[in-house]
Amino acid sequence: MNKICDMLNIQYPIFQGAMAWIADHAIAAAVSEAGGLGIIAAGNAPADWLRAEIRALKEITSKPFGVNIMLLSPHAEDVAKVVVEEGVTIVTTGAGDPGKYMNMWKEAGIKVIPVVPSVALARRMEKQGADAVVVEGCEAGGHIGELTTMVLTPQVVDAVNIPVIAAGGIADHRGFAAAMMLGADAVQIGTRFLVAKECTVHENYKQRVLKASDIDTVVTGRSTGHPVRALRNKLSREFAKREKEGASVEELEALGAGGLRLAVVEGDVINGTVMSGQIAGMIKQEQTAKEMIEEIMTEGNRVLAQIG
């Protein structure tokens, strides 16, 4: 049996990525109901929003699900308590060190799975009591590190004794099989689930991803220390121009503020931030989460059987 599936009581070793403003109860419930691990992204949202999302998800499915907590959020402290109060059993974390909440979560029986961009951080998370780690390569959409999934995954697998989930640049059965060959116990998929029929992201956003080519993503914000991968548009060009001109971190942050919500909720894919992984060029059709997962697992296992 698969270590991750046993640990989390899920059918398939597929996590849905925690995409801020996108990964709400609707897509998370659909992925969990289909046998994967659906994840609600708390992002910068307040505790009351998360509480309502958790309760809405539980009305749709009784399957296991997770909550992703962005530790840089101004609401991180409150959100960290909400997952305990609402009986969440799995937490993934990003943008920071979850150490200060680890004891509280472990005492509540929560499985803690931090997202890490390096071997050093993976080792540190294991020492702090993490149950597994998600290793995310720079092919991913949104906030990224510098190493690729193919390089990072096997190095983390060799460095820790806890399960490893590979993320970044995985959208189909081939990516799934490749991650398994690199030693991963599961995969995390973001951009493909973004175009799932159950995903509530604005239709303009979905269409922009579906029409993307292989070279349509760009990374901006390296000068701020928080690089972000998104699809090229008017905002990304303006951001890159100002970055090149030596604009201050404050100026650049002001330019990007509210950009993701503008694209996700209002559908402004010209002036908003259309976060997406490099894999967007491969994604050509809208399907249900169930269809996506079953296709990845059926074909992925066939590929692995041929190799094995």
Side-chain angles (χ1 to χ4, degrees), residues 17-23 41-46 49 68-77 79 92-98 114-118 120-121 134-149 152 167-169 190-191 194 201-202 204-206 208-209 211-281:
M19 301 166 282
W21 285 108
I22 298 169
N44 278 318
W49 177 89
N68 175 267
I69 297 178
M70 191 182 77
L71 298 162
L72 281 177
S73 164
H75 306 289
E77 194 93 31
V79 163
T92 66
T93 66
D97 186 335
V115 178
V116 298
S118 69
L121 196 54
V134 176
V135 296
E136 188 170 71
C138 63
E139 299 95 323
H143 293 274
I144 56 166
E146 289 297 328
L147 294 172
T148 66
T149 305
L152 183 60
T191 307
L194 188 159
V201 68
H202 198 286
N204 293 354
Y205 202 123
K206 282 189 183 182
R208 184 70 184 83
V209 170
K211 288 170 184 167
S213 77
D214 58 334
I215 56 169
D216 271 0
T217 70
V218 62
V219 177
T220 56
R222 282 203 166 96
S223 65
T224 69
H226 300 291
V228 168
R229 183 178 298 286
L231 292 171
R232 299 173 196 273
N233 63 2
K234 185 180 172 185
L235 176 64
S236 72
R237 284 191 293 274
E238 180 62 23
F239 202 103
K241 177 173 165 280
R242 292 216 206 158
E243 217 172 352
K244 200 174 178 184
E245 291 167 354
S248 69
V249 171
E250 292 74 25
E251 250 182 281
L252 292 168
E253 284 180 349
L255 178 64
L260 183 59
R261 187 183 187 283
L262 190 64
V264 172
V265 180
E266 296 177 34
D268 188 342
V269 294
I270 295 166
N271 303 297
T273 306
V274 188
M275 290 187 185
S276 168
Q278 287 183 318
I279 210 76

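Just so we're clear, the structure is a prediction, and the values are computed from it rather than from any experiment.
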With heavy-atom distances below 4.5 Å as the criterion, would you say the side chains of [X] and [Y] are in contact?
| X | Y | answer |
| --- | --- | --- |
| N44 | P74 | yes |
| H143 | E136 | no |
| L252 | S223 | yes |
| V116 | V135 | yes |
| L235 | L255 | yes |
| D216 | R208 | yes |
| V201 | K206 | yes |
| F239 | V228 | no |

When rounded to the nearest 0.5 angstrom, what distance separates [atom1] in [X] from [atom2] in [Y]?
| X | Y | atom1 | atom2 | result |
| --- | --- | --- | --- | --- |
| L262 | D268 | CG | CG | 4.5 Å |
| E139 | T191 | CD | OG1 | 11.0 Å |
| L260 | M275 | CG | CE | 4.5 Å |
| S118 | E146 | OG | CD | 12.0 Å |
| R261 | H202 | CZ | NE2 | 11.5 Å |
| E250 | T224 | CD | OG1 | 10.5 Å |

Just by distance, do the side chain of [X] and the backbone of [Y] share a donor-acceptor pair under 3.5 Å?
| X | Y | value |
| --- | --- | --- |
| R237 | R232 | no |
| N233 | V269 | yes |
| S276 | G141 | no |
| T217 | R229 | no |

Give me the atom names and distance for the closest heavy-atom approach of [X] to [Y].
| X | Y | value |
| --- | --- | --- |
| G145 | C138 | O-CB, 3.3 Å |
| A212 | L231 | CB-CD2, 3.9 Å |
| W21 | V264 | O-CG1, 3.2 Å |
| A45 | V79 | O-CG2, 3.9 Å |
| N68 | A18 | CB-CB, 3.2 Å |
| A20 | G43 | CB-CA, 4.4 Å |

message = Surrounding CG of L72 (heavy atoms of other residues, nucleotides or ligands, distance under 6.0 Å), is the total greater than 12?
response = yes
